[in-house]
There are 4 protein chains.
Amino acid sequence: MMDPQKLLQELLKISDDDKDITPKQAKIIQAAIEIFAEKGYASASTSEIAKRAGVAEGTIFRHYKTKKELLLSIVSPMIIKFAAPFFAETFIRQVFKDHEDKGFEELLRKLIQNRYEFVKNNVPLLKIVLQEMAFHPEIQQAYKQVFTEKVLPKFKKMVEYYQDKGELRNDFSVDTTIRLVINTAVGFMVTRFIVMPDYPWDDEKELENTIQYIKDGIFS
Amino acid sequence: MMDPQKLLQELLKISDDDKDITPKQAKIIQAAIEIFAEKGYASASTSEIAKRAGVAEGTIFRHYKTKKELLLSIVSPMIIKFAAPFFAETFIRQVFKDHEDKGFEELLRKLIQNRYEFVKNNVPLLKIVLQEMAFHPEIQQAYKQVFTEKVLPKFKKMVEYYQDKGELRNDFSVDTTIRLVINTAVGFMVTRFIVMPDYPWDDEKELENTIQYIKDGIFS
Amino acid sequence: MMDPQKLLQELLKISDDDKDITPKQAKIIQAAIEIFAEKGYASASTSEIAKRAGVAEGTIFRHYKTKKELLLSIVSPMIIKFAAPFFAETFIRQVFKDHEDKGFEELLRKLIQNRYEFVKNNVPLLKIVLQEMAFHPEIQQAYKQVFTEKVLPKFKKMVEYYQDKGELRNDFSVDTTIRLVINTAVGFMVTRFIVMPDYPWDDEKELENTIQYIKDGIFS
Amino acid sequence: MMDPQKLLQELLKISDDDKDITPKQAKIIQAAIEIFAEKGYASASTSEIAKRAGVAEGTIFRHYKTKKELLLSIVSPMIIKFAAPFFAETFIRQVFKDHEDKGFEELLRKLIQNRYEFVKNNVPLLKIVLQEMAFHPEIQQAYKQVFTEKVLPKFKKMVEYYQDKGELRNDFSVDTTIRLVINTAVGFMVTRFIVMPDYPWDDEKELENTIQYIKDGIFS
DNA sequence: CATGAATGAGGATTCATTCAT
DNA sequence: TATGAATGAATCCTCATTCAT
């Protein structure tokens, strides 16, 4: 038995894909993340990446056959990591068995808090994913697959479960409910970290308000 | 006196920036919109735009000094148009005087429906704005200015007004309330037209659900 | 009616493919021929070609999408031109009707002399063809097609005709005869212009000897 | 005293340059021969050679200082081996003393048959020599030296001898005679193994025809 | 106004070669 | 001896922009 705090923390470290990486390679990835995030994949030049990584341009291509492969090597693991909480086999069982009493609200709170921390620690990477998804079918594909195979099914079960319990309104379809929740959560993070990162956010309060909003809307 | 239906319709046609445009220029803009939306500004080549427009490469540069000027000539008016409803002097007065009885919900409904139609008719253009805003400070600036000077003040007044009336919960700050509403509305449209345009949407219902969600959240 | 001298001269100028060519383009082709011949296609750099042509490197790619296209635009017409004498409809008829009295020897003499002049005037180009054929299937294909469809059939008719007349030995198959003749003629030219261009050749005598050799071998 | 059969067989194994070669080195040479023959020296990359040889890139440069040295280490021995029959001191003496009765024809036959076997067993290597000679002065030099110092003198003596005997026509200069013979023989092999290796050759007959052609020409 | 040839800087990528392990 | 990561010059090619017609 594990308390949910720990559970979700666990789920983050899904893959250690940073193994077998030379120091130069690590510097390349770091530089690439920065520059891709700053100017976008298409406008980033491998020569600039090499310069910032303190590496010869050729070194990039020794490790990544193409510039695109470099992008994907950065972006692919992100998708999985972002959906990580939904990967754990135990996740949904935990929810139902040990913590059902706490209800959907508590589950939501944990989830959003956890993903909030994740996003906070991976802003440039997520910027890249958001930007480049639009133009790279491979990324869309990967995202779609993870979402429809891993995230959606579990999310659906959750929503159905709490709808049956009468905790969630059931005049919204499951899909609609999920869409609204995800929109609100993701929207918060995008606004918080990407659109207006410089606004003087009171994160704790804003997080709580967001959860309340999802719960009750804005009407009194 | 004007009924709100007409009011909002009016607000759409703010600027006729399609004046004094040669047919070739129009074809260039059309082609540019398509290609910028398809592959992004950085990956779009002026030669491809010229080809699709059925124009010589030089012709583009006769009308737009640089490729970036072409982008801005496309993007700039969009920002104003998207915020159009908030531009009309009469807008807020209308709200307060003639139609206060209908309440925030009705106002919201009109606004969202109207912007929904607008987005529906300008998907590629909005794709471009969303994508390129990240990398072009000029666009961010323009957006920020319009938002803080035009949209935000009026939105604030509205929210304050309805909070005072007790129609909106006031444990949320005005800013937070606005953020949540805009997030939900924009999130819907982005999901609807950009992320999942091929999903079999029941637009009317989804629109209504979104409004209800803003109002009441998802809890029963 | 045309005397065979003129006939063969005519056949040389098959296509004027140098039309619609800008002066820069002409200089590019000239430079490319020189450099391809000097160092081979693979070792020739487009930047060097541009330099020698007095043109920006980009200009090359405005006219030829790829370096290979530049090569083919040079090589392709050569193949046809080299086989030119066999293209004329009237060629073989001329041989049979008006000049049969002169026999195979005279025909051979005219042919070899004519091709000798052609080769003499196109040494670098032929060097390129010989070298690059080995590595470019497109060139092999083109050569094969021209040879099997145009050259071989007419050559066969000629040899058969003179074998029937008893002028040529018929213990050699037609194919073998053709191979031996072409080998000897081509071999002469390759030796003369490519292998040992600096040897003090007495061209007229050597040409005549080659013809005699084909006729009588080297035994007394 | 040695019968000529054996003599010529002997001449083949002139140098055992395969000594002191590590297994890796042998694999490198084998891979290099294949790849040089397939795509030409300039288009062959050391990394591809290393890969096909199952060796690290660095290993190639441990044995051969440069890519070119690798080429020369492959090509140089070929030149000597191809001219091998003319190297043996005893060769010409054999011809004159023991076997003069058999005449030039028999000598030619032996020579051509022997070289035919050699070429047959070394097609890729000869392809490389033919291709690269054009661009590498070192190879030309080596070839020229071997040819003028070893092959030509002996060949000249032979031809002079048989001209004096009245067996060969003497209205052809010695040089011309040699050129014609070599052209015909080499031309056959190039056609046989390089230009048209897939043609259904009747080697024995074609070889014999070639010899007859050299002897008697093609006229009846 | 419109054209399209020309430009040259810059892009991604390749490759022979070096060197620390 | 063998490795393979690292190099950086060189390669082919693209592209925004200019300008003479």
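In the text below, chain A, chain B and the rest are named by the order of the sequence lines, each starting its count at 1. No hydrogens, no waters, no symmetry mates; every other heavy atom, side chains included, goes into these values.
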| Quick one, which residues of residues 28-40 of chain B touch DNA chain F with a heavy atom under 4.0 Å? | none

| query | Are B/Ile49 and B/Phe36 close enough that some pair of their side-chain heavy atoms sits under 4.5 Å apart? | reply | yes

| task | May I ask you to say what A/Thr59 touches in the nucleic acid, namely base, sugar-phosphate or nothing, with a heavy-atom cut-off under 4.0 Å? | result | base

| query | Distance between the P atoms of F/dT21 and E/dC1, in whole angstroms? | reply | 23 Å

| Any A/Phe61 side-chain heavy atom under 4.5 Å of A/Thr46 side chain | yes

| request: Establish, from distance only, whether the side-chain atoms of B/Ser47 and B/Glu57 form a donor-acceptor pair under 3.5 Å. | output: no

| request: Could you tell me the separation between the OH atom of A/Tyr64 and the P atom of E/dT14, rounded to a whole number of Å? | output: 16 Å

| query | How close or far is atom C1' of F/dT1 from atom CD1 of D/Ile60, stated in whole angstroms? | reply | 15 Å

| task | Using whole Å, report how far CD1 of D/Ile21 lies from P of F/dA2. | result | 12 Å

| message | With heavy-atom distances below 4.5 Å as the criterion, would you say the side chains of B/Pro77 and B/Ile80 are in contact? | response | no

| query | Charged N to carboxylate O below 4.0 Å: is that the case for A/Lys39 and A/Glu48? | reply | yes

| task | Could you run through DNA chain E and flag its stems, i.e. three or more consecutive Watson-Crick or G-U pairs with both distances under 3.5 Å? | result | E:2-21 with F:2-21

| query | Counting only N and O atoms by type, is there a donor-acceptor contact under 3.5 Å from the side chain of B/Thr59 to the main-chain atoms of B/Ala56? | reply | yes

| Got a salt bridge between C/Lys127 and C/Glu34, using NZ or NE/NH1/NH2 to carboxylate O under 4.0 Å? | no

| request: May I ask you to say whether B/Arg52 pairs ionically with B/Glu38, meaning some side-chain N is under 4.0 Å from a carboxylate O? | output: yes

| Residues D/Leu125, D/Lys81; criterion side chain to side chain contact (heavy atoms under 4.5 Å, CB included); working and verdict | CA-CA 11 Å; D/Leu125 263 160; D/Lys81 281 189 184 168; over 6 Å; no

| task | Could you check whether the rings of A/His136 and A/Tyr41 sit parallel, tilted or perpendicular, using 30° and 60° as the cut-offs? | result | perpendicular

| said: Please report the distance, rounded to the nearest Å, between CD1 in C/Ile49 and P in F/dT11. | reply: 11 Å

| query | Within less than 4.0 Å of OP1 or OP2 of F/dT1, is there a side-chain N or O belonging to D/His63? | reply | no

| message | Rounded to whole Å, how long is the line connecting atom CD of D/Glu69 with atom P of E/dA16? | response | 15 Å

| query | Looking at B/Lys68 and B/Glu138, does any basic side-chain N land under 4.0 Å from a carboxylate oxygen? | reply | yes

| request: At under 4.0 Å between heavy atoms, which parts of nucleotides 14-21 of chain F does protein reach? Answer with one letter per nucleotide, 5' to 3': B base, S sugar-phosphate only, - none. | output: BSBBB---

